[in-house]
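A quick write-up on the structure given underneath.
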Amino acid sequence: MVHSASKYLSGHTDVIAGLVVVNNKVLADQLKFNQNISGSILSPFEAWLTIRGIETLSLRLEKQCANSLAIASWLNEHPAVDKVFYPGLATHKNHHIARKQQKGYGGIVTFSLKDDHIKNAIRIVNSTKLFKLAESFGGVKSMLAHPVTMTHRIIPEDFRRKAGVQDSAIRLSVGIEDVEDLINDLKQALDKLNQPLGKQITVLQ
């Protein structure tokens, strides 16, 4: 099993690390040999940062899941929002599976707009104040990304649409801030869709 320790395990967006977990001794010995000759190990400081993050993993995830469910529920009722993708919502197609298998529903919320245009999504991701524009996720600070112009930019449009990634899709990585502050941040950003367009806006490339 391969884990990214850079995301929820470290949880503070300050470590680049990963780990491989196996239950086969032969494979484990091969990995250890390759690790030894290539020197692919964490520095002591990065190892300490990762351990520090793991110690608060349970507390962080509990708060992130609670915030995410509240935000997803709020977005689900917003007049400008078309779809909300979050397994904690009863309307999600796999909600019944998530309810059986998971303790929480995670910290990632994705939503799309009824006016499904790239320019509208870009306007929103450039208007938030607490949600920072970045491609990463899993940290204590809330972030958001526009897949079409960021993480999924190189994917052909027809393939992307078949996969259900809309032009206006916005991915939220919900942190541990006060949930009312996060909702108000999204509200003021969504409200800008009804205001005249001001200066030229750009998205992180």
Side-chain angles (χ1 to χ4, degrees), residues 1 3-15 17-19 49-114 121 124-147 150-151 164-166 168-193 204:
M1 184 177 293
H3 290 277
S4 172
S6 304
K7 310 303 182 185
Y8 286 99
L9 288 180
S10 64
H12 292 76
T13 324
D14 54 8
V15 171
L19 59 142
L49 288 175
T50 304
I51 292 172
R52 176 206 61 179
I54 293 173
E55 289 173 344
T56 62
L57 178 62
S58 179
L59 288 172
R60 288 186 284 106
L61 276 177
E62 183 177 351
K63 177 63 173 174
Q64 287 170 300
C65 288
N67 281 356
S68 297
L69 180 57
I71 289 170
S73 299
W74 178 81
L75 285 169
N76 207 35
E77 300 296 324
H78 196 283
V81 173
D82 180 32
K83 298 175 183 176
V84 180
F85 302 92
Y86 186 69
L89 295 178
T91 53
H92 191 279
K93 66 177 183 178
N94 293 322
H95 174 71
H96 64 290
I97 298 176
R99 190 174 66 247
K100 291 179 181 179
Q101 295 183 345
Q102 300 172 204
K103 292 182 179 180
Y105 297 112
I108 303 294
V109 179
T110 301
F111 69 97
S112 59
L113 304 171
K114 290 180 179 177
I124 289 173
V125 300
N126 278 277
S127 298
T128 55
K129 298 176 182 178
L130 292 179
F131 283 89
K132 301 303 181 184
L133 185 61
E135 293 185 355
S136 188
F137 59 87
V140 293
K141 295 182 180 180
S142 293
M143 294 174 281
L144 80 173
H146 180 226
M150 297 170 71
T151 56
V165 182
Q166 296 173 255
S168 64
I170 296 172
R171 186 193 73 185
L172 307 177
S173 172
V174 181
I176 65 172
E177 302 94 338
D178 181 83
V179 69
E180 291 300 322
D181 289 342
L182 294 175
I183 289 175
N184 286 334
D185 190 28
L186 292 172
K187 181 180 183 301
Q188 63 84 24
L190 284 162
D191 285 346
K192 284 185 169 55
L193 294 176
L204 178 66

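These numbers come from the heavy atoms of this one structure, side chains and all, not from hydrogens, waters or symmetry mates.
Counting only distance, with no hydrogens or angles, the side chain of R171 and the backbone of E135 share a donor-acceptor pair below 3.5 Å. Listed for the N76 side chain is no donor-acceptor partner under 3.5 Å among the backbone atoms of A72. For Q64 (side chain) and I108 (main-chain N/O), no donor-acceptor pair under 3.5 Å exists by modelled atom type. Distance alone, capped at 3.5 Å, places no donor-acceptor pair between the S168 side chain and the A121 backbone. Here the side chain of Q188 pairs a donor or acceptor atom with the backbone of S127 at under 3.5 angstrom. Judged by distance alone, the side chain of S142 and the main-chain N or O of V174 form no donor-acceptor pair under 3.5 Å. Using a distance-only test at 3.5 Å, with no hydrogens or angles considered, no donor-acceptor pair links the side chain of N94 to the main chain of P87. Between the side chain of S10 and the main chain of G53, no donor-acceptor pair closer than 3.5 Å is present.
Below 30°, between 30° and 60°, or above 60°: for Y86 and Y105 the angle between ring planes is above 60°, a perpendicular geometry.
Within a 6.0 Å radius of NZ in K114, other residues, nucleotides and ligands contribute more than 12 heavy atoms. When the shell of 6.0 Å around NZ of K141 is examined, it contains 12 or fewer heavy atoms from other residues, nucleotides or ligands.
Between the CG atom of L144 and the CG atom of D185 there is a distance of 8.5 Å, given to the nearest 0.5 Å. Separation of atoms CG (L172) and OG1 (T110) is listed at 7.0 Å; rounding is to 0.5 Å. Atom NZ of K100 and atom NE2 of H95 lie 11.0 Å apart (nearest 0.5 Å). Here the straight-line distance linking atom NZ of K83 with atom NE2 of H92 works out to 11.5 Å at 0.5 Å rounding. The CD1 atom of I176 sits 10.5 Å away from the CG atom of L182 when rounded to the nearest 0.5 Å. To the nearest 0.5 angstrom, L190 atom CG is 5.5 Å from F111 atom CZ.
In terms of heavy atoms, S173 sits closest to S136 at CB-O, 4.2 Å. Between L133 and A145 the shortest heavy-atom distance is CD1-CA, 4.3 Å. G104 approaches Q102 most closely through the heavy-atom pair O-NE2, 2.7 Å. Considering every non-hydrogen atom in both V165 and P147, the closest pair reads CG1-CB, 4.2 Å. Contact detail for L9 and H3: the closest heavy-atom pair is CD1-CB, 4.4 Å.
Judged as a salt bridge (Lys or Arg N to Asp or Glu O under 4.0 Å), the pairs with a partner in residues 50-72 (not counting sequence neighbours) are, in order, D14-R52. The ring-ring contact (aromatic ring centres under 6.0 Å, His included) analysis of residues 50-78, with sequence neighbours excluded, yields the pairs W74-H78.
A 4.5 Å side-chain heavy-atom check between K103 and L61 finds every atom pair outside the cut-off. You'll find the side chain of T56 reaches within 4.5 Å of the side chain of H12, heavy atoms only.
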Task: side chain to side chain contact (heavy atoms under 4.5 Å, CB included) between L113 and I124, worked out - done: CA-CA 10 Å; L113 304 171; I124 289 173; 3.7 Å; yes
